[in-house]
Amino acid sequence: MNNESFSYDLSIGIFVYIVFSIYFLFYSIKDKNVTLIFFIQIVSLFILLITTHFFAFNNYVTYPGLGADSMNYDIWAKYLSEQFKQGIFNLDLSNIYSMSLIEYNRGADIHLVSYVPYGFVLPHSIIYYIFGYKPFLAKVFNVFIFVYTTKLFYLFLKDIINNSKAIKSSLVLFAFCFPLMIGSVSFVKEGLFMFGYIGLIRYTYRKEFLNAVPYFILAVLIRPYTPLLYIIIFGIYYRNYVLKNFIKVVSGLIFFLIFFTIFSFRAFNLSDFIFNSQFAIYLNPFNKEEVVYVKGVFGILRVLLSSPIDFIQFFINAYITAFFKPDFWHLPKLKYDFIYLNSGKFDFSGLFYYMHSFTIYYINFYLIKFLVNRKRLRIISINFEWTAVIFIILGVIFLASVEIRYLVMSIFPIILIMFAKIREHSYKIDSNLAFPIYLGVVSFLIIFPLFI
């Protein structure tokens, strides 16, 4: 992309961003009590979007993305859009080459695409088909997917929480979740996946399963295991309700199977996933070099069960990773290592995941407070949320090898639901002190690493 097309794309994208912002703030958000939160979120995301896009254009070999994965999504979307313009609607991408193995330190050999998250690639390919190749404009759409996901999360909180202060606290933590923010300004999947996942959670809580179906399908197309794990846990925990509505449940399962039989796009092959997927078992959350590579889910079980000590260590370290990684007592590597495509360049994702651990720490403070004051807070019912967090972590451990971004997507919304419920019943003056301290620490972390 030359400077002229870059400027043209940027101008159109900024115009669309302003239009979306005006519509969202003045027409989409009806509750004026949270308008300021959304306004700050939209402005913050705009600054982040402009900063990272200019930086990527001038420095990154993976432009317009911030990494090899992001670059690949853009390549696939552009390729499909060009096929659509020619009247070709074949979604086979086997002729496109990918370099993502470089980023995962598995060797620098170029290899053919084996899996494509079509639930994410197709929306951007449609944008390119309609508007032409304009990556900044595509990122604008991605940002507002995250903004609308935040709105969906807010509507869900209003369904279950009656305290406006508790809702605002939880909403702020979601709206400014650092990994989701950095994900929304690049070509990664988190924003669209979270839209489907939050919708699934909202409507299953309300037991409106028909309304949950499109969100469930969207989430599965992008990342199958998390929504499936959630549905399994929901079915087990609310088994009495499921049995009473057995016909509806079976009808939903039949529809699900038919849909993914016809429209699988190779994104949901359960047999291939179980037996052929490559996994990495991290035995030490503080040392990524201690890793065992295995093939298939049964390969994971075989390695873990062969050594009871490693088995126990694996689970303990996984829960440490889920709640505290990236750890907040070490500064992250702010530049990519030589093994990455953007070696020597600023690593936005590393910094944002690092800051995310402070958000988790802040939430953990209130979860621990809840456990300590259990007798005083017995009226709070969060048993389902605890069950979901514990078992989804276990599931993601086996299926995604404790990669932090999957844990953020999988458990962060549910932890925030617990957080909001606790705050609803125990909103004390100490919370007014804790939050400014948290913001001050985060502000320091944003500024300090830039000067080291």
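Residues take their numbers from the sequence shown, with the count starting at 1. Since we're looking at a predicted model, the values are computed, not measured.
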> Which atoms form the tightest heavy-atom contact between G199 and L152, and what is the distance?
Replying inline: N-CD2, 3.4 Å
>> I'd like to know if the side chain of N342 reaches the main chain of K345, judged simply by a donor and an acceptor atom lying under 3.5 Å from each other, with no hydrogens or angles considered.
In response: no
> In this structure, which one of Y128, Y63, Y79 forms a side-chain hydrogen bond (donor to acceptor under 3.5 Å, both in side chains) with D74?
Replying inline: Y128
> Checking Y197 side chain against S410 main chain: does a donor-acceptor pair fall under 3.5 Å?
Replying inline: yes
> Under the criterion side chain to side chain contact (heavy atoms under 4.5 Å, CB included), which of L171, I29, I42 is the partner of I37?
Replying inline: L171
> Got L45 and S184 here, is their nearest side-chain heavy-atom distance under 4.5 Å?
Replying inline: yes
Side-chain atoms of residues 228-244: list all donor-acceptor pairs with protein atoms under 3.5 Å, sequence neighbours left out, distances to 0.1 Å.
from, atom 1, to, atom 2, distance (Å)
Y230, OH, T204, OG1, 2.9
R239, NH1, I236, O, 2.9

> Under the salt bridge (Lys or Arg N to Asp or Glu O under 4.0 Å) rule, what pairs show up with a residue in residues 143-164, not counting sequence neighbours?
Replying inline: D159-R202, D159-R206
> What's the shortest heavy-atom distance between Y336 and L66, and which atoms?
Replying inline: OH-O, 2.9 Å
> Is the shortest heavy-atom distance from the side chain of M194 to the side chain of T149 under 4.5 Å?
Replying inline: yes
> Does some side-chain heavy atom of L200 sit less than 4.5 Å from a side-chain heavy atom of F195?
Replying inline: no
>> To the nearest 0.5 Å, what is the distance between CG on L334 and CG on L351?
In response: 6.0 Å
>> Taking salt bridge (Lys or Arg N to Asp or Glu O under 4.0 Å) as the cut-off, I'd like each qualifying pair that reaches into residues 27-48, sequence neighbours left out, listed once.
In response: none
> Under the salt bridge (Lys or Arg N to Asp or Glu O under 4.0 Å) rule, what pairs show up with a residue in residues 349-362, not counting sequence neighbours?
Replying inline: none
>> Can you tell me how the ring of Y362 sits relative to the ring of F419, calling it parallel under 30°, perpendicular over 60° and tilted otherwise?
In response: tilted
>> Contact between K335 and F346 at the side-chain level, heavy atoms closer than 4.5 Å - yes or no?
In response: no
> Can you find a heavy atom in the side chain of F176 that is under 4.5 Å from one in the side chain of M181?
Replying inline: yes
> Got a sec, which residues hit side chain to side chain contact (heavy atoms under 4.5 Å, CB included) with I22, two or more places apart in sequence or on another chain?
Replying inline: I18, F26
> Is any side-chain heavy atom of F412 less than 4.5 Å from a side-chain heavy atom of I360?
Replying inline: yes
> Are any side-chain N or O atoms of K139 and backbone N or O atoms of P64, one a donor and one an acceptor, separated by less than 3.5 Å?
Replying inline: yes
>> To check you understand the geometry: which heavy-atom pair defines the closest contact between I182 and F348, and what is its length?
In response: CD1-CB, 3.5 Å
> With distance as the sole test, does E190 use its side chain to make a donor-acceptor pair with the main-chain N or O of M409 at under 3.5 Å?
Replying inline: no
>> Using the rule side chain to side chain contact (heavy atoms under 4.5 Å, CB included), only one of L10, V140, I12, V16 pairs with K134; which is it?
In response: I12
>> Could you measure the distance from the CG atom of L36 to the CG atom of L25? Nearest 0.5 Å is fine.
In response: 10.0 Å
>> Using side-chain heavy atoms (C-beta onward) and a distance below 4.5 Å, is Y133 in contact with S81?
In response: no
>> The criterion is salt bridge (charged side-chain N to carboxylate O under 4.0 Å, His left out); which residues satisfy it with K421, sequence neighbours excluded?
In response: E385
>> side-chain contact (heavy atoms from CB on, under 4.5 Å), that's the test. Do V185 and F146 meet it? Break it down for me.
In response: CA-CA 10 Å; V185 300; F146 176 47; over 6 Å; no
>> Using a 3.5 Å distance criterion without hydrogens, assess whether the side chain of S125 forms a donor-acceptor pair with backbone atoms of L80.
In response: no
> If we only count heavy atoms from C-beta on, is the F209 to Y203 side-chain gap below 4.5 Å?
Replying inline: no
> Can you tell me if S170 uses its side chain to pair, donor with acceptor, with the backbone of I167 under 3.5 Å?
Replying inline: no
